[in-house]
Amino acid sequence: MLNNYAIFNRGGIIKYIMELPKTYLPSKHEATIYNLWEQNNVFAPSGQGEPYAIVMPPPNANAHLHIGYALTAALEDISVRYHRMKGRNTLLLPGADHAGFETQSVYEKHLAKEGKSRFDFSREDLYRQMYDFVALNRQNFEKQFRQLGISCDWSRFTFTLDDKIVKQAYATFKKMWDDGLIYRGERLVNYCTQHRTGFADIEVEFREAETNLWYIRYPLVDGSGEVVVATTRPETMLGDTGVAVHPDDERYTHYVGKTARVPLTDREVPILADSFVELGFGTGAVKLTPAHDQNDFDAAERHDLPKMTVVGHDGKMTSEVPEKYRGLTVAEARATVVADLEAGQWLVKTEQLTHNVGHCYKCGTVIEPLLMEQWFVNMQPLAKPAIEALKANQIVFYPETKQAQLVNYLENLRDWNISRQIAWGIPIPAFRSVDDAQDWLYDERVDQETIEVNGKTYSRDPDVFDTWFSSSSWPYATLGLGSQDFDAFYPLSLMETGGEILYPWVSRMLMLGLYNTGQVPFKAVYIHGYVMAEDGSKMSKSIGNVIDPSEVIDEFGSDALRMGIISGRAPAVNRGYDRRRVEEARNFCNKLWNMARFMQHQGEGKAVRTQSPVAQTSVDHWALGQLNHAVADIGKALDEYRFAEAYDTLYHFVWDDIAAWYVEASKVEGQGTLLSYLLERILIVAHPFAPFVTEAIWQTLGWGNDGFLAAQRWPETIEYNARKADEFVAAQTIITEVRAILKAMGTAANRLYHRDDALLNSQGDIIKKLAGLNDVKSVESGQGIYLTTTAHVCWLDIDRQAADSYLSKLEAEKQQTEKRVANYTARLNNDSYVKSAPEHIVAQTRQALADTQADLQRITDEQKRFSQL
RNA sequence: GGGUGAUUAGCUCAGUUGGCUAGAGCAUCUCGUUUACACCGAGAGGGUCGGGGGUUCGAGUCCCUCAUCACCCACCA
């Protein structure tokens with residue numbers, strides 16, 4: 001099979017030549033086109049104009065892109081291409097995420113297949129292995145991004161473990177350290193005993209679980225009675241260090257201050273009053289296990305209770321508990337404790353209870369709140385300025401509601417645990433004295449296990465940062481704080497991302513951005529919704545309903561996927577993937593392609609690019625007017641990130657106005673002389689949405705000599721004659737009515753008569769061709785039926801039989817028109833309407849009434865005329 | 001428990017600050033192969049905008065309420 005296109009380089013100008021087959025075949029062009037762009041550095045910032053910058057939220061370098069990324073990519077790329085064409089200094093900076101724990105989990109599965117575990121390796125070894133593992137997989141997603149046509153500057157590609165990111169993380173940590181925002185604390189940490197690491201609150205997944213509520217007697221030491229507590233975790237009673245009741249709970253007032261004995265142990269614990277206890281729940285008395293429950297921990301802090309760790313990092317009971325329970329798993333311990341309670345008559349009763357239990361979002365293991373020493377960030381001083389910036393509207397949110405949600409989140413923020421006990425991440429640059437557990441140093445020599453400072457030995461903290469800690473500086477760390485890029489592009493124009501990371505990421509970028517740069521990191525935030533499966537359910541690998549963007553691209557093309565996926569989609573609304581919209585968009589690409597074919601055909605194979613049109617005919621002026629409107633509407637919609645609306649406007653402008661009306665009109669001799677100009681403008685305006693097909697056309701027509709389409713300027717408003725444009729609108733009205741009548745009556749070839757009407761004289765040829773008439777001519781007196789939707793007197797010569805059936809149709813039309821007349825009349829008779837409504841609205845109504853009355857008049861005249869025949 | 005969003009044509013969904021007869025694509029029905037395109041063209045049918053109440057000259061749009069669905073946050077010893 002012969003190649004039907006060739007690329008060659010002649011005199012430094014790249015030409016792209018091929019035939020124009022009937023249908024556009026994306027697969028034949030997309031890769032070639034993207035290579036041309038990339039090799040010619042089309043996506044680098046121009047250095048001219050007002051800056052416009054987006055830094056991509058880095059996708060997981062290890063992942064195969066799912067179809068949601070097609071949406072992200074389309075939204076970002078449309079914005080960027082549009083602003084580039086507007087002449088702005090535009091940057092789209094790509095990146096990839098090492099995705100700490102996520103990737104380590106994947107790698108662990110990989111290891112498991114080889115019968116190994118991460119605990120078989122040192123952290124350094126593991127890190128190196130994973131770095132290579134990710135480097136291999138990374139090419140995959142970079143390839144997919146290119147498939148999607150993303151116009152990013154690959155030379156600025158940033159990986160979240162790159163030096164500049166690590167350095168920024170260290171600088172941030174150091175600054176916080178110096179400012180006293182970082183503290184080492186023994187706190188309850190959400191701990192997965194399977195993965196052996198702690199998590200941030202936000203990473204814990206709560207699921208409903210059926211469990212029991214056990215009611216247990218705690219006898220008073222003075223023998224004066226007992227307190228019954230209710231618990232879902234009887235095994236943790238082995239670590240109880242108190243019992244709490246509500247201060248207002250009269251049932252227990254006289255117990256407060258007394259001492260109870262914890263069954264199955266010899267421990268005596270105080271009964272105290274604390275308002276965190278809920279009066280209505282259980283018995284109103286609660287056991288306190290400070291080392292394994294957040295509320296209990298907080299209460300213990302307030303009342304200075306000791307904290308006993310009874311569940312260890314391995315998920316087994318520790319040596320703190322009586323010997324018979326030691327080494328049991330939590331589940332085993334629970335069963336044993338319950339049995340022993342029963343045997344000892346300590347158990348009052350058991351109730352069923354449904355409640356939420358935290359699980360590891362990766363492996364599903366129940367999260368144990370465990371007491372651990374970790375690095376924490378004091379969030380209040382960071383959250384406060386962020387809240388102020390939000391309330392001062394320094395960032396525009398799409399949709400708006402996300403702003404208030406973020407404020408609400410920030411106002412209730414707890415301190416942030418940034419330590420993770422995994423290998424795949426940025427080592428925490430802190431060292432602890434081997435002699436003094438309280439003596440910590442900040443030091444960046446993390447490649448060393450131990451360091452000597454002032455004659456003392458310090459050993460490295462084995463933990464790494466939470467991924468979100470380093471990625472919170474993403475907007476300026478990628479640019480390089482204080483660099484030229486930073487000066488040019490910070491704050492970013494837009495942060496485009498999904499709703500699931502509004503809290504963990506957007507909020508932290510905002511806080512740390514303000515902290516490190518004194519400015520908000522971005523001027524706008526666009527939150528996209530999720531792409532669900534076609535039936536509206538969540539896509540997941542386990543269900544097997546994941547849609548691969550590459551497969552869609554293979555079938556329909558990248559442009560079709562981009563447009564199909566943004567079509568009709570509002571921000572932050574989850575919606576299923578809709579294959580029909582992609583098909584629709586594919587058809588649209590083909591429409592563009594065939595308009596180009598038609599134009600080339602008209603120009604006898606030589607399509608000349610025109611930039612300064614001379615409008616001659618009415619339809620020319622009309623087309624320019626429509627172009628102006630479309631360009632303005634699309635631009636305005638894109639300025640406000642209303643992508644679906646912008647695409648809709650483009651679609652209907654191209655298809656309805658130009659393809660259906662203008663191109664058809666241009667087939668009439670002497671009409672439609674601006675085809676190449678309009679096509680040129682359309683390619684530019686459509687380019688942000690459908691970059692491949694538009695560039696393919698551009699290059700194929702030989703316009704590449706003037707530079708890439710991707711580098712063209714967005715159209716300016718063009719002058720046109722509105723009165724002449726209106727002539728074509730009038731012609732359209734006549735054409736539409738004639739078509740409708742002929743269709744409804746089932747008659748074909750006919751003539752349209754008029755009495756030397758100026759419009760009919762000048763637009764006769766177009767009307768004849770587009771309405772499918774035999775003739776349009778001026779006569780002394782005509783015959784047939786009058787048109788009723790136009791003020792231009794003309795009548796359609798159809799046979800008597802068809803005319804009779806037309807009458808009944810006319811009656812239905814009359815009734816509708818009468819209704820409208822009544823409607824407008826009533827409105828205008830309403831004094832308060834005329835007084836309160838804006839003048840132009842009232843004027844519109846008056847005009848509408850006049851027009852409708854005229855229509856009604858023509859209809860009744862026509863009926864009368866018929867009845868006299 | 002708190003919060004957010006959704007409910008518009010058979011289906012999937014648009015509808016910017018309230019203002020012409022509420023739109024699109026797909027699907028359905030008629031007709032059509034006029035040399036850009038059947039991934040096409042022309043025409044048609046189809047909605048009391050979830051229920052109820054309110055504000056207003058005017059409500060799909062704003063407010064209240066109810067119902068159903070989805071999601072987020074918090075948390076239940």
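A note on names: the letters A, B, ... follow the listed sequences, proteins ahead of strands, and every chain is numbered from 1.
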Indicate whether OP1 or OP2 belonging to [N] is found under 4.0 Å from a side-chain N or O atom of [X].
X: A:W655; N: B:G41; result: yes
X: A:R586; N: B:C26; result: no
X: A:N574; N: B:A6; result: no
X: A:N594; N: B:C40; result: no
X: A:K667; N: B:A36; result: yes
X: A:R414; N: B:C75; result: yes
X: A:K591; N: B:G41; result: yes
X: A:K835; N: B:C57; result: no

Whole-Å [atom1] distance, [N] and [M]:
N: B:A14; M: B:C49; atom1: C1'; result: 13 Å
N: B:U56; M: B:C63; atom1: P; result: 16 Å
N: B:A22; M: B:G45; atom1: P; result: 14 Å
N: B:U4; M: B:A77; atom1: P; result: 26 Å
N: B:G50; M: B:U7; atom1: C1'; result: 6 Å
N: B:U35; M: B:C26; atom1: P; result: 23 Å
N: B:G53; M: B:U17; atom1: C1'; result: 26 Å
N: B:C72; M: B:A9; atom1: C1'; result: 32 Å

Open item on the list: Looking at A:T283 and A:V228, would you say the former's side chain and the latter's main chain have a donor-acceptor pair under 3.5 Å?
Closed with: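 A pair under 3.5 Å: yes.
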TODO: Take atom CD1 of A:I841 and atom C1' of B:G19, then tell me their distance rounded to the nearest Å.
DONE: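 In whole Å, B:G19 C1' lies 4 Å from A:I841 CD1.
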TODO: Calculate the interatomic distance between A:N212 atom CG and B:C76 atom P; express it in whole Å.
DONE: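 It works out to 18 Å between those atoms.
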With a 4.0 Å cut-off on heavy atoms, is [X] in touch with a base, just the backbone sugar-phosphate, or nothing at all?
X: A:E583; answer: nothing
X: A:N823; answer: nothing
X: A:R569; answer: nothing
X: A:T23; answer: base
X: A:A644; answer: nothing
X: A:A637; answer: nothing

TODO: Would you check if A:W593 and A:P21 make a side-chain contact, meaning some heavy-atom pair closer than 4.5 Å?
DONE: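 A side-chain contact under 4.5 Å exists here.
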Partner nucleotide of [N] by Watson-Crick or wobble geometry (both distances under 3.5 Å):
N: B:U68; value: B:A6
N: B:G25; value: B:C11
N: B:C40; value: B:G32
N: B:G1; value: B:C73
N: B:U61; value: none

TODO: Assess whether atom CD of A:E411 is packed by more than 12 heavy atoms of other residues, nucleotides or ligands within 6.0 Å.
DONE: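 Enclosed.
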TODO: For the residue pair A:S558 and A:E30, confirm or rule out a side-chain donor-acceptor distance under 3.5 Å.
DONE: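 Result is no, nothing qualifies.
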- [ ] Kindly say whether the aromatic ring centers of A:H629 and A:F653 come within a distance under 6.0 Å.
- [x]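 Ring-ring flag for A:H629/A:F653: false, centres at least 6.0 Å apart.
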Open item on the list: Looking at the base of B:U12, is there any donor atom on it, or on the side chain of A:R581, that sits under 3.5 Å from an acceptor on the other one?
Closed with: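 For A:R581, whose side chain was compared with the base of B:U12, there is a donor-acceptor pair (under 3.5 Å).
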Open item on the list: Using the side-chain heavy atoms of A:Y824, tell me which of these nucleotides is nearest: B:C57, B:A36, B:C20.
Closed with: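 Nearest to the side chain of A:Y824 among the choices is B:C20.
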Task: Cation-pi, A:Y651 ring and A:K591 (6.0 angstrom, 45 degrees) - done: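 The answer is no; the distance or angle limit is not met.
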TODO: State plainly whether the residues A:E584 and A:R580 are in salt-bridge range, i.e. N to O under 4.0 Å.
DONE: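 No, A:E584 and A:R580 are not salt-bridged.
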